[in-house]
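Since the structure comes first, as structure tokens, the remarks are kept for the end.
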Amino acid sequence: MKKVLTGLQPTGVITLGNYIGAIKQMIKYQNEYESYLFIADMHAITINQDKNELRKNIKSLLALYLACGIDPNKNIIYIQSDNEYHTNLSWILECNTYFGELSRMTQFKDKSSKNENFSAGLFTYPVLMAADILLYDIDYVPVGLDQKQHVELARDIAIRFNKKYGDIFKVPEPLLTKEGTKIMDLVDPTKKMSKSSINQKGVIRLLDNIDDIKKKILSATTDSDNKIYYDMENKPGISNLLNIYSVIKEIPVKELENKFKDYNYKDFKEEVADAVADLISNIQEKYYRLINSDILNEILDKGMDITRKQAKIKYEKVKEVVGLGR
Ligand code: ATP
Ligand code: LTN
């Protein structure tokens with residue numbers, strides 16, 4: 001069976017963008033592929049984290065995975081830092097990655113330009129991501145558009161390593177959905193909706209108050225044309241709302257253009273707001289039932305055991321071909 005893997009960082013409450021770009025895809029794939037879903041806490045500390053917040057976010061992210069519809073019987077779910085082979089392999093891969101390659105990563109350029117004192121971890125972050133993937137012979141990696149370049153780097157690293165040391169790693173492929181590729185900020189629809197965004201009004205988080213969520217959608221930036229059709233370049237606000245509605249309702253954008261052709265913006269936004277509110281209140285109801293339950297630790301223990309065993313085999317193989325140890 002083909003294998004699929006993705007991870008999200010526990011850097012705050014996840015957004016509608018994360019849900020659509022990563023989690024929703026995994027919900028679909030869990031029925032078709034052997035699925036791995038993890039909490040990328042080692043990636044989270046590439047930028048400064050408050051330790052209590054981080055710990056809280058890790059558990060909260062797990063409960064959100066489940067509340068969104070991730071089935072623990074169909075996914076191997078684990079915390080990245082519970083499995084030391086990720087960072088072990090990452091070091092070996094770093095020694096097979098060029099400084100120039102990492103310098104070209106747009107996320108690094110973006111994030112490092114915002115802060116003078118960025119960590120070395122922020123720079124090597126994509127290599128750890130490659131290790132996350134290459135440890136398990138993964139076929140597909142569902143991500144949003146912002147992570148595509150990192151998955152491509154993982155491919156390059158795998159191909160280069162295989163050339164040098166033999167056929168060790170499976171070469172993974174990124175999986176992107178058309179509509180969900182990039183959900184934009186509601187206030188500035190030319191910018192990605194991001195967990196770490198400062199302006200709260202543009203970002204919908206899965207644990208936001210439902211009335212606030214509706215308000216955010218009703219006041220989303222649009223244009224003065226008052227016609228509803230998809231044109232990301234000239235009508236980014238409306239196109240973004242069409243994308244969101246399309247993914248939630250599973251109706252192609254083309255059909256929606258027809259459905260909404262006689263709507264004004266206010267009525268259209270109300271329909272989008274209701275769809276998002278329905279989805280998220282459902283998730284929240286499940287989340288609050290799960291957050292203090294013992295089942296969370298059981299799931300993580302199981303995921304840790306399974307992935308450690310699998311990762312150890314791959315890591316030992318890598319050590320051997322590289323000539324490390326005895
Ligand atoms: P941060 O703001 O801390 O960088 P983020 O919101 O970008 O966080 P990540 O944890 O980096 O979230 O990403 C988790 C997953 O969600 C990744 O697969 C990423 O591609 C996807 N994703 C993030 N933002 C969006 C978005 N706006 N639209 C679609 N997918 C997204
Ligand atoms: N860098 C990713 C999270 C992440 C990931 C991965 C995604 C870490 N390792 C491996 C897919 C595969 C992010 O910030 N979204």
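Bear in mind that the values here come from a model prediction, so they are computed numbers and not experimental data. Atoms within each ligand, like the ligands themselves, are counted from 1 in listed order. The basis for the numbers below is simple: all heavy atoms, side chains too, and nothing from hydrogens, waters or symmetry mates.
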| query | Any nitrogen or oxygen of His150, main chain or side chain, under 3.5 Å from a nitrogen or oxygen of ligand 2? | reply | no

For atom 1 (N) of ligand 2, the closest protein heavy atom turns out to be Tyr125 OH, 2.7 Å

Worksheet item: Does even one non-hydrogen atom of Lys111 get within less than 4.0 Å of ligand 1?
Response: yes

d(Ile228 CD1, Lys261 NZ) to nearest 0.5 Å is 11.5 Å

Ligand 2 to Thr6, heavy atom cutoff 4.0 Å, flagged ligand atoms 7 (C), 11 (C)

Short version for Asn18: what comes under 4.0 Å of ligand 1, heavy atoms counted, is both

Honestly, for Ile133 the part within reach of ligand 2 (heavy atoms, under 4.0 Å) is side chain

So is there a nitrogen or oxygen of Gln9 less than 3.5 Å from a nitrogen or oxygen in ligand 2?
yes

message = Is it the case that atom NZ in Lys195 sees more than 12 heavy atoms from other parts of the structure closer than 6.0 Å?
response = yes

Thr11: heavy atom below 4.0 Å from ligand 1, yes or no? yes

Next on the checklist: salt bridge (charged side-chain N to carboxylate O under 4.0 Å, His left out), that's the test. Do Glu101 and Arg160 meet it? Break it down for me.
Outcome noted: CA-CA 13 Å; Glu101 284 180 301; Arg160 185 179 317 129; 2.5 Å; yes

Is the Tyr125 ring parallel, tilted or perpendicular to the His150 ring (thresholds 30°, 60°)?
-> tilted

Near His43 (heavy-atom distance under 4.0 Å), the atoms of ligand 2 are 8 (C), 9 (N)

Check your understanding: Do Glu257 and Tyr230 have side-chain N/O donor and acceptor atoms under 3.5 Å apart?
Key -> no

Closest heavy-atom approach to atom 30 (N) of ligand 1 among Pro174, Pro10, Ser197, Gly17 is made by Gly17

Is it true that, when you exclude Lys201 itself, more than 12 heavy atoms of the residues, nucleotides or ligands shown sit nearer than 6.0 Å to its NZ? no

the protein heavy atom lying closest to atom 4 (C) of ligand 2 turns out to be Gly7 O, 3.7 Å

Those residues at least two apart in sequence (or on a different chain) that pass salt bridge (Lys or Arg N to Asp or Glu O under 4.0 Å) with Glu255 are none

Within 4.0 Å of some non-hydrogen atom of Val143, the atoms of ligand 1 are 18 (O), 20 (O)

Inset, instruction - Give a yes/no on ligand 1: does Leu8 have at least one heavy atom closer than 4.0 angstrom to it? - result: yes

Exercise for the section: Could you verify whether a donor N or O on one side chain and an acceptor N or O on the other, from Asp146 and Gln107, lie under 3.5 Å apart? Expected result: no

| message | In terms of relative ring orientation, are Tyr165 and Phe161 parallel, tilted or perpendicular, with 30° and 60° separating the classes? | response | tilted

If we number the atoms of ligand 1 from 1 as shown, the ones under 4.0 Å from a heavy atom of Ser194 are 1 (P), 2 (O), 6 (O)

For Lys182, the ligand 1 atoms with a heavy-atom partner under 4.0 Å come out as 28 (N), 29 (C)

Contact region, Gln147 to ligand 2, non-hydrogen atoms below 4.0 Å, reads side chain

closest protein heavy atom to atom 10 (C) of ligand 2 is Met129 CG, 3.6 Å

query: Looking at side-chain heavy atoms only, is the closest gap between Tyr19 and Ile283 below 4.5 Å?
result: yes

Hey, does Met184 come in under 3.5 Å of ligand 1, counting only N/O atoms on both sides? no

Under 4.0 Å from one or more heavy atoms of Val141, ligand 2 contributes atoms 11 (C), 12 (C)

The closest protein heavy-atom partner of atom 9 (N) of ligand 2 is Asp132 OD2, 2.6 Å

### Query
Is the NZ or CZ atom of Lys111 positioned over Phe118's six-membered ring, under 6.0 angstrom from the centre and within 45° of the axis?
no

The atoms of ligand 1 lying under 4.0 Å from a heavy atom of Ser196, numbered in the order shown, are 1 (P), 2 (O), 3 (O)

Note: heavy atom closest to atom 27 (N) of ligand 1, options Ile20, Ile183, Val141, Asp146, belongs to Ile183

Per-atom filter on ligand 2: closer than 4.0 angstrom to a heavy atom of Leu5 are 10 (C), 12 (C)

Determine, step by step, whether Tyr140 and Tyr33 satisfy the ring-ring contact (aromatic ring centres under 6.0 Å, His included) criterion, reporting the C-alpha distance in whole Å, the side-chain angles of both residues, the deciding distance to 0.1 Å, and the verdict. CA-CA 9 Å; Tyr140 304 121; Tyr33 304 123; 5.3 Å; yes

With Tyr245 as partner, the option from Phe268, Phe260, Tyr263 fulfilling ring-ring contact (aromatic ring centres under 6.0 Å, His included) is Phe260

Practice task
For the residue pair Phe123 and Phe108, categorise the inter-ring angle as parallel (less than 30°), tilted (30 to 60°) or perpendicular (more than 60°).
Solution key: perpendicular

